[in-house]
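Note sheet for the following structure.
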Amino acid sequence: MISNREMVEAFGSSIMKNEIKKEILQLIAQHDGKWYWYQIDRYLSISHPEMPGPYIDEIKALKEQGLIEERKYSSSEFTRYWMTDEGRARLQ
């Protein structure tokens, strides 16, 4: 059985992850196509030391939800992220 403390911690973690996902969407919107996952991760690790990364799982989840897309123009280039129309609508 889950204790009240564990439930509160899990719920708080879930809220924090949703806030992080929202911030990731905002960062991608601001830097549409210019940032790759490491830049996003570094920014968030500094601005949210209470929830250390890596944030790649949250980025993957946003992609699976259709809110962002990734593009890679050559095999040597890092994958970069763009907003989808659905992602832009979610931010409004």
Side-chain angles (χ1 to χ4, degrees):
M1 185 169 209
I2 297 176
S3 71
N4 285 344
R5 181 176 181 213
E6 291 171 323
M7 194 179 308
V8 168
E9 287 176 0
F11 184 69
S13 177
S14 176
I15 290 171
M16 181 68 83
K17 284 188 179 272
N18 286 335
E19 290 299 315
I20 292 294
K21 286 180 184 177
K22 184 177 180 182
E23 190 160 351
I24 290 170
L25 282 177
Q26 291 170 340
L27 285 171
I28 292 173
Q30 290 171 359
H31 304 280
D32 212 18
K34 295 177 184 163
W35 278 18
Y36 49 94
W37 82 265
Y38 185 77
Q39 291 167 302
I40 295 167
D41 187 82
R42 291 291 74 208
Y43 178 88
L44 292 172
S45 293
I46 292 168
S47 65
H48 294 287
E50 72 280 1
M51 188 176 170
Y55 300 98
I56 192 67
D57 290 337
E58 286 78 10
I59 293 171
K60 286 180 182 178
L62 293 169
K63 181 182 171 240
E64 289 170 5
Q65 294 170 355
L67 303 176
I68 62 173
E69 61 182 35
E70 57 184 41
R71 297 181 200 157
K72 194 173 189 177
Y73 291 106
S74 71
S75 61
S76 63
E77 184 178 286
F78 291 108
T79 300
R80 297 178 187 272
Y81 297 94
W82 275 260
M83 293 294 292
T84 62
D85 291 339
E86 188 175 338
R88 282 186 193 86
R90 180 75 59 95
L91 282 177
Q92 294 177 353

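Numbers here simply count residues along the sequence, with the first being 1. Bear in mind the structure is a predicted one, so any value in this text is a computation, not a measurement.
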Ring-plane angle category for Tyr43 and Trp35, please: parallel below 30°, perpendicular beyond 60°, tilted otherwise.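 The arrangement is tilted - the two ring planes meet at 30° to 60°.
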Is there side-chain contact between Glu58 and Leu44, with heavy atoms separated by less than 4.5 Å?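 The answer is no, as the side chains (C-beta and beyond) never meet within the 4.5 Å cut-off.
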Side chain to side chain, Asn18 and Lys22, heavy atoms closer than 4.5 Å = no
Calculate, to the nearest 0.5 Å, the distance between atoms [atom1] and [atom2] belonging to [X] and [Y] respectively.
X: Tyr81; Y: Ile40; atom1: OH; atom2: CD1; answer: 6.5 Å
X: Leu27; Y: Ile68; atom1: CG; atom2: CD1; answer: 11.0 Å
X: Asp57; Y: Trp37; atom1: CG; atom2: CH2; answer: 10.0 Å
X: Gln26; Y: Arg90; atom1: CD; atom2: CZ; answer: 13.0 Å

For a quick test of reading the model, state the closest non-hydrogen atom pair linking [X] to [Y] and the distance between them.
X: Asp32; Y: Trp82; result: OD1-CA, 3.1 Å
X: Gly33; Y: Arg80; result: O-CD, 3.2 Å
X: Lys21; Y: Gln65; result: NZ-NE2, 4.3 Å
X: Glu23; Y: Ser47; result: OE2-OG, 3.9 Å
X: Pro54; Y: Asp41; result: CA-OD1, 3.0 Å

Would a distance-only check, ignoring hydrogens and angles, find a side-chain to backbone donor-acceptor pair under 3.5 Å from Thr84 to Leu67?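 Confirmed, Thr84 side chain pairs with Leu67 backbone.
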Query raised in the report: Side chain of Gln39, backbone of Tyr36: donor and acceptor closer than 3.5 Å?
Result: yes
Test salt bridge (charged side-chain N to carboxylate O under 4.0 Å, His left out) on Lys72 and Glu70 and set out the steps. CA-CA 7 Å; Lys72 194 173 189 177; Glu70 57 184 41; over 6 Å; no
### Query
Does the side-chain contact (heavy atoms from CB on, under 4.5 Å) test come out yes or no for Thr79 and Arg71, once each step is laid out?
CA-CA 6 Å; Thr79 300; Arg71 297 181 200 157; over 6 Å; no
